Amino acid sequence: MAMAMALSCSIATSFWLLSFTLSISLLSFTSAATSTGTISAQHSLTGNQTITSGDGTFVLGFFTPPGSGGNYYIGIWYGKISVLTPVWVANRVTPVTDPTTSELKINDDGNLALLNQFKSIIWSTNVTTISSSNSTVAVILDNGNLQLRDGSNSSLVFWQSFDHPTDTWLPGAKLGFNKITKRSQHLTSWKNKVDPSPGIFTFEMDPTGNLQYLISWNLSRIYWASGMWNGQEFSSVPEATSNYMYQMQVVNDTDEMYITYTVDIANNPTYRQLLDYDTGQIQVPVWMENSKSWMPIWARPTSKCSVYGVCGPFGSCNDFTSPFCYCVKGFRIKSQADWDLGDRSQGCERVASLQCSGQNNSEEDGFFKMTNVRLPDNSLSLTMFGSSHDCQQACLSNCSCNAYSFNSTGCFVWHGELLNLQEEDNQPDAGTLYLRLAASEFQTSESNKKRMVAYISVGVIVPSVVVCLFMLGGLVWKRERRRAIQNSKVVHNSLVSFMYDELRIATNNFSEKLGEGGFGSVFKGSLPGSIDIAVKKLEGLYQGEKQFRAEVSTLGAIQHVNLIRLIGFCSQGTKKLLVYELMPSGSLADQLFRSNSNVLDWKIRYRIAIGIARGLAYLHEQCRDNILHCDIKPENILLDDAFVPKVADFGLAKLIGRDFSKVLTTIRGSRGYLAPEWIGGTPITTKVDVYSYGMMLFEIISGKRNLVCATESCFEFFPSVATSKLINGDVEVLLDHRLEGEADMGELAIACKLAGWCIQDDESSRPTMSQVVQALEGNLDINVPPIPKFLQGLSNSWTDNINSHGNFSSYQNSNNCTSSSSL
Ligand SMILES: *[C@@H]1O[C@H](CO)[C@@H](O)[C@H](O)[C@H]1NC(C)=O
Ligand SMILES: *[C@@H]1O[C@H](CO)[C@@H](O)[C@H](O)[C@H]1NC(C)=O
Ligand SMILES: *[C@@H]1O[C@H](CO)[C@@H](O)[C@H](O)[C@H]1NC(C)=O
Ligand SMILES: *[C@@H]1O[C@H](CO)[C@@H](O)[C@H](O)[C@H]1NC(C)=O
Ligand SMILES: *[C@@H]1O[C@H](CO)[C@@H](O)[C@H](O)[C@H]1NC(C)=O
Ligand SMILES: *[C@@H]1O[C@H](CO)[C@@H](O)[C@H](O)[C@H]1NC(C)=O
Ligand SMILES: *[C@@H]1O[C@H](CO)[C@@H](O)[C@H](O)[C@H]1NC(C)=O
Ligand SMILES: *[C@@H]1O[C@H](CO)[C@@H](O)[C@H](O)[C@H]1NC(C)=O
Ligand SMILES: *[C@@H]1O[C@H](CO)[C@@H](O)[C@H](O)[C@H]1NC(C)=O
């Protein structure tokens, strides 16, 4: 039987496009009020009036962020999206309170100006070079750019909003600076959820003239850099090379230096990049029509805790807790209202003020030991103190000293606010910080005990308390063990319902972490009767108790030799945990990529590929609910002692409820396995798993990660090499060289071709999971796959791209330094 996958290839793109356009036309316009086309000397804008771009994509008018207490701003938002989403704000710092008496008009000098109820100008385009002052008009273009231009000659543009972005970078807008005027275009985050005034994070082109872009905190601390532009890509965003949704251009000429990008607007009418006020990340949110919400599908930096000072003074960050910010011991949130709006710049304040020697004769301040903490970088180094005790005394002697640290390099003290703390296990350059606290914080009163427990639960490890818990744990272990069996209520499908304490003891207080993913961390444990288990602590859960139990019970019913088996669960208040069988051989990633492990031979690899495909086919086709996995990667394939693969982490998306977006951001961090549909905003089907499976199959064949990176940049994308070699039938060179050619060449050819089919751009060209099984078993003949479009883009030069797309002609003549790549 021959598989005719090539046939469907050309149809799919248009289908994709069609379904997306359809979903948009069903939406109603939010701007029901009178909508004039332009603002001119004759037509000003007031109250609920708006102007709309030609095709209705963008709308300009007054808006008020829900919860802002009636502050109105002039802004541009999406006309076809039912949730108000401003992409530009004019009067960021000067809101008006009454739009009906305020007016956006063309002023006498030809500028566009916003007048409040007292007719005073509170915002203006403020250009001095307007040559024809009584005939300027303001229009909004289909790309979201507001232009002030000559009424009779539209190429005479005096001012445009694209030159003054707020927190959003729209396709076509520039980010960079003018070398002559020194003016720059950069993004500044909103202050918080309801206040568009400039916040603490900035996204800009490197002002020192390097071809890269940076995100910084308060314009002083750079916490993320894209890496240098090499003519093709930015070196630290290599995964963007497989994201062919946008074209980057970097321009450096005598007048200006900037980065801009274009997307295929027909497919991505709402594509934008946003500097988020809450996390400090640059994000690409995608509109999900089904849930009527924005979902970030890409974000940098991936770790929120690498955003400088993200938790504010005396706040501490942990990427694996939810929420990721909290106050350190002895401190409490300074302004809960701001914190709730996503503005943590005020951070935390002391609960009990320091006694500070000399002012008070009561007990001296003490120090709280924090281990494994990323130390703030503004310490003073006191090299003369040679012992920890002297270092402590040095800190105590100065009232402004809040902490000290002593290591082999010497004594370090911190005066003033502590910023950028992060407490996580296994951090590379973690140290021990001694935090100065009032003596009362160390008294073991009842209330303090409670607080201590609270701190343990948010992840601050208090060594002495942990020791106590261990001892306690040992004493009650026997009793608990008996109780565990008695108390464990067996629910449907023989799932065991555990108590939290049982799992805490079974995992030795969650001491041995096996890994962490989008849904939470996994710990090793052992049940009475030496049953080894893996316990997953779920994070960011929004499900109610009943729903949770229903979902868990559904999960428990899914049983297949190639799917990891759920043994039980725990649901105690906010604590939700899942208990799985433990897989002794670790993950496929461990086996494939760890250099010191035994190399998996071809037979085993092929069996693993078939097993995974069977497991996924079962999830997709045989389960009642057609479960999508959505995060297929070698880390999520576990192996038992006979190397039988077990797909892990399935069915959790539904369990997590509405916080799926957070999970996806994390998933996007596992670069290279995500199908293009995630970016396009089309409905997600089982074919996203097929795509990821294909990417993983390439890794099984080659024994290395698809993207081969050195420290600074990435130089090879294996699927690209593989699909072009396949055309010449040259498969042997693709095999993991460690196998030295030891493989069944027939199977190798099947696996290579199949992987190529799985990663086709068009989901309808990809096989189903059961077809994959058939093909691997040799029951389906498959042809050589065409090279997916995005991989073609990688090998073509910029000029080829211009010629094939046609719509970038305006960049063709601009400059020799202009270059681009498919991103
Ligand atoms: C716009 O405002 C006018 C009066 O200011 C009001 O009558 C009308 O209902 C408003 N339209 C909408 C769609 O809110
Ligand atoms: C317009 O620009 C001038 C200087 O360029 C500045 O002094 C003035 O405050 C600006 N006015 C407004 C309304 O922004
Ligand atoms: C501008 O206004 C002046 C005086 O009000 C008038 O003489 C002139 O014709 C106007 N120009 C245009 C282009 O409307
Ligand atoms: C419109 O303005 C452009 C740019 O200043 C100029 O080159 C062109 O000649 C003008 N066209 C007309 C019809 O005035
Ligand atoms: C940001 O920097 C300015 C000076 O550059 C400083 O005055 C201000 O205090 C800083 N903000 C914070 C929150 O540290
Ligand atoms: C940008 O162009 C200028 C000359 O216009 C050149 O001196 C400079 O080195 C260029 N910068 C980069 C990063 O290429
Ligand atoms: C001195 O200590 C007492 C009790 O600990 C406290 O109530 C008082 O506020 C302290 N005084 C100063 C100046 O810190
Ligand atoms: C405490 O430290 C600060 C910062 O180093 C310094 O300015 C101040 O003089 C010190 N105070 C005393 C009493 O030593
Ligand atoms: C000691 O701590 C300081 C302050 O954070 C740090 O810069 C230094 O690298 C540490 N030295 C060692 C040997 O860990």
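Remember, it's 1-based here, ligands and their atoms both numbered in the order they're listed. Positions are given from 1 along the sequence. These numbers were taken from a predicted model, which means no experiment stands behind them.
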Open item on the list: Can you confirm whether the side chains of H415 and S400 place a donor and an acceptor under 3.5 Å from each other?
Closed with: yes
Task: Output field: ring centroids Y277/W190 closer than 6.0 Å - done: no
- [ ] Please work out which of the three classes, parallel, tilted or perpendicular, describes the rings of F201 and Y223, given edges at 30° and 60°.
- [x] perpendicular
- [ ] Enumerate the atoms of ligand 4 whose separation from the nearest heavy atom of N153 is less than 4.0 angstrom.
- [x] 1 (C), 2 (O), 3 (C), 8 (C), 10 (C), 11 (N), 12 (C), 14 (O)
Open item on the list: Geometry only, no angles: is W217 polar-contacting ligand 5 at N/O separations under 3.5 Å?
Closed with: no
Open item on the list: Using a 6.0 Å distance limit plus a 45 degree cone around the ring axis, check whether R272 lies over the aromatic ring of W294.
Closed with: yes
Task: Atoms of ligand 4 close to S155 [distance to a heavy atom under 4.0 angstrom, numbered from 1] - done: 1 (C), 2 (O), 3 (C)
Task: With S68 via side chain to side chain donor-acceptor pair (under 3.5 Å) - residues at least two apart - done: T64
- [ ] Please list, chain by chain and in numerical order, all residues satisfying side chain to side chain donor-acceptor pair (under 3.5 Å) with T409, sequence neighbours excluded.
- [x] N407
Open item on the list: Does anything in residues 199-218 form a salt bridge (Lys or Arg N to Asp or Glu O under 4.0 Å)? List the pairs, not counting sequence neighbours.
Closed with: none
Open item on the list: Give the atom numbers and elements of ligand 4 that come within less than 4.0 Å of a heavy atom of L156.
Closed with: 2 (O), 4 (C), 5 (O)
What does the N/O contact table under 3.5 Å look like for ligand 9?
from	atom 1	to	atom 2	distance (Å)
ligand 9	2 (O)	N407	ND2	2.4
ligand 9	11 (N)	N407	ND2	2.9
ligand 9	11 (N)	T409	OG1	2.6
ligand 9	14 (O)	N407	ND2	3.4

- [ ] May I ask you to establish whether K369 and Y434 are in a cation-pi arrangement, using a distance under 6.0 Å from NZ or CZ to the six-membered ring centre and at most 45° from the ring axis?
- [x] no
